[in-house]
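Notes for the one structure printed next.
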Amino acid sequence: MKKIKVLVVDDSAVIRQTLKEILSKDSSIEVIGTASDPYVAAEKIAHELPDVITLDVEMPRMDGITFLRKLMSQHPIPVVIISSLTAKGTETAIQAMEYGAVSVLKKPGLSSDLNGVAAHIIIAEIKAAGKATVKRRSTSQRSSSAIAAKGKKVFDESMAQTTNKIIAVGASTGGTEAILEFLKAMPMDTHGIVIVQHMPEIFTRSFAERLNQICDITVKEASHGDTVLRGRALIAPGNKHMILQRSGARYYVALHDEPPVNRHRPSVDVLFSSVAKFAGKNAIGAIMTGMGADGAKGMLEMKNAGAYTIAQDEKSCVVYGMPNEAIKLGGVSKILPLEGIARHINHSIHQ
């Protein structure tokens with residue numbers, strides 16, 4: 001079996017060595033080199049092309065975001081951002097995903113992480129990135145002024161006495177851009193949306209805030225007990241399972257710390273299963289790009305409960321794992337390209 005060739009780029013010699021030791025534990029991964037900054041990385045890429053690059057954000061001579069933009073505009077290679085999880089850095093990490101990084105991970109600690117959960121997550125994400133399809137991107141940045149200047153009308157909670165439909169979305173690798181594309185196409189009066197995106201703790205809040213600036217609808221990181229409202233999307237916090245519950249006509253979300261499911265917390269299966277139970281035929285489910293099978297069983301439960309279910313097609317996925325598993329299990333009513341999912345949902349609801 002062909003090994004996934006990885007180049008590790010980080011200004012810390014300790015982190016470079018730690019990542020090399022973690023990745024070398026998997027026989028399907030080969031670390032072909034390390035680099036202390038993007039200039040050294042460019043020289044190594046010219047010598048031997050990696051399948052995946054791990055990239056820090058803050059580095060000397062050239063920051064990781066600038067290097068990522070150049071790389072994705074000239075020679076796209078799957079990039080996994082491995083950065084320190086600090087409130088200061090999360091905005092930059094979210095920006096990295098907008099520029100084409102397939103995922104963002106927490107920087108590992110020292111020897112305690114070599115055989116722990118962090119190591120397993122890093123290995124899994126590198127494998128997912130090795131299967132990812134990345135496209136060339138323009139070096140132009142989104143207009144931050146246009147985003148900031150948009151005067152958004154927030155849907156008043158008192159206007160939404162009942163959410164008649166629940167739209168449930170699950171995604172993993174490549175999902176940040178897919179969810180952005182999906183939510184940008186949703187109208188302000190859309191039915192309530194609940195989302196699980198596999199993402200580390202702390203990043204989900206910045207991700208939600210970023211989406212809230214860009215999209216017409218309101219987007220927020222879910223809090224325990226939040227009501228599911230028209231015109232609002234709730235994103236499960238990192239390291240918390242999110243489930244849908246119902247009290248009379250009111251749908252709301254609950255968060256809990258039960259063990260990971262399919263190695264993930266939050267888990268798409270956990271969310272979808274609760275949607276099947278409490279919303280049934282009043283729900284629409286969408287499973288998007290991502291590695292593994294999380295969400296496949298939950299989507300089948302939704303379909304069996306009468307929900308309408310959609311999977312993103314292979315061509316528009318970064319990784320066709322989760323949608324494919326849901327399709328193979330028989331839990332999908334419709335297969336669509338990413339750009340058609342929101343339009344199809346809106347049409348289906350208003351038929």
Side-chain angles (χ1 to χ4, degrees), residues 3-26 28-86 88-111 113-114 118-137 139 141 173-174 176-177 199-200 203 318-319:
K3 291 190 175 184
I4 301 170
K5 297 186 292 185
V6 180
L7 175 64
V8 175
V9 186
D10 196 293
D11 63 326
S12 167
V14 174
I15 292 298
R16 292 198 300 273
Q17 182 61 32
T18 299
L19 288 174
K20 187 174 180 179
E21 289 182 33
I22 287 172
L23 297 176
S24 297
K25 291 179 178 295
D26 193 288
S28 67
I29 298 173
E30 178 187 2
V31 178
I32 60 171
T34 64
S36 58
D37 66 40
Y39 288 96
V40 177
E43 292 175 3
K44 300 214 170 187
I45 290 169
H47 181 261
E48 184 174 9
L49 197 65
D51 298 311
V52 178
I53 296 173
T54 72
L55 182 63
D56 190 15
V57 171
E58 296 180 339
M59 289 181 292
R61 297 208 288 173
M62 182 188 294
D63 65 271
I65 298 297
T66 301
F67 178 62
L68 175 66
R69 289 179 59 221
K70 290 178 179 290
L71 183 72
M72 299 308 289
S73 68
Q74 297 170 12
H75 195 114
I77 297 171
V79 172
V80 175
I81 297 292
I82 300 184
S83 179
S84 299
L85 284 179
T86 63
K88 181 180 178 181
T90 52
E91 178 72 18
T92 303
I94 297 302
Q95 190 179 41
M97 288 185 285
E98 292 181 1
Y99 291 144
V102 297
S103 62
V104 174
L105 298 176
K106 181 179 179 180
K107 190 173 283 190
L110 302 179
S111 58
D113 272 335
L114 290 180
H120 291 297
I121 291 173
I122 290 170
I123 288 170
E125 288 297 328
I126 293 299
K127 288 181 175 180
K131 297 179 180 179
T133 303
V134 294
K135 300 176 182 178
R136 189 182 302 274
R137 296 186 177 224
T139 55
Q141 299 184 27
T173 309
T176 53
E177 282 296 292
M199 186 179 283
F203 277 118
V318 172
V319 177

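Bear in mind the structure is a predicted one, so any value in this text is a computation, not a measurement.
Of all the heavy atoms in Ile126 and Thr54, the pair that sits closest is CD1-CG2, 3.5 Å. Across all non-hydrogen atoms, the minimal contact from Ser36 to Met59 is O-SD, 4.2 Å. Across every non-hydrogen atom of Ala128 and Val319, the tightest pair is O-CG2, 3.3 Å. Nearest heavy-atom pair, Glu125 versus Ser103, reported as atom, atom and distance to 0.1 Å: OE1-OG, 3.2 Å. Residues Pro78 and Ala132 share a closest heavy-atom pair of CG-O, 4.1 Å. Of all non-hydrogen atoms in Lys3 and Glu30, the two that sit nearest each other are CD-CB, 4.0 Å.
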Stepwise side chain to side chain contact (heavy atoms under 4.5 Å, CB included) test for Gln95 and Leu68:
CA-CA 10 Å; Gln95 190 179 41; Leu68 175 66; over 6 Å; no
Before giving the answer on side chain to side chain contact (heavy atoms under 4.5 Å, CB included), spell out for Val80 and Val102 the whole-Å C-alpha distance, their side-chain angles and the decisive distance to 0.1 Å.
CA-CA 6 Å; Val80 175; Val102 297; 3.9 Å; yes
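With sequence neighbours excluded, no residue satisfies side chain to side chain donor-acceptor pair (under 3.5 Å) with Ser24. By the side chain to side chain donor-acceptor pair (under 3.5 Å) test, Lys127 is found to be paired with Asp26, residues two or more places apart in sequence or in another chain being considered. In this structure, Thr133 has no side-chain contact (heavy atoms from CB on, under 4.5 Å) partners at least two apart in sequence or on a different chain. With sequence neighbours excluded, the residues that form a side-chain contact (heavy atoms from CB on, under 4.5 Å) with Gln74 are Lys70.
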Show me the donor-acceptor pairs, under 3.5 Å and distance only, between side chains in residues 42-50 and residues at least two apart or in other chains.
from, atom 1, to, atom 2, distance (Å)
Lys44, NZ, Thr34, O, 2.8

Please list every donor-acceptor pair under 3.5 Å in which a side-chain atom of residues 7-14 meets a protein atom from a residue at least two apart or in another chain.
from, atom 1, to, atom 2, distance (Å)
Asp10, OD1, Ser12, N, 2.8
Asp10, OD2, Lys107, NZ, 3.2
Ser12, OG, Val14, N, 3.3
Ser12, OG, Ile15, N, 3.2

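Rounding to the nearest 0.5 Å gives a distance of 7.5 Å between CD1 of Ile32 and CG of Asp51. The structure places CD1 of Ile53 at 5.0 Å from CZ of Phe67, a figure rounded to the nearest 0.5 Å. Here Thr66 contributes atom OG1 and Leu71 contributes atom CG; the two are 12.5 Å apart, rounded to the nearest 0.5 Å. In this structure, CD in Gln17 is found 4.5 Å from CD in Glu21, a value given to the nearest 0.5 Å. Separation of atoms CG (Asp56) and CG (Asp37) is listed at 11.5 Å; rounding is to 0.5 Å. Glu98 CD to Glu177 CD: the interatomic distance, rounded to the nearest 0.5 Å, is 6.0 Å.
For the pair Met72/Tyr99, no side-chain contact is recorded, criterion being any heavy-atom separation below 4.5 Å from C-beta on.
Counting non-hydrogen atoms of other residues, nucleotides and ligands closer than 6.0 Å to NZ of Lys5 gives a total above 12.
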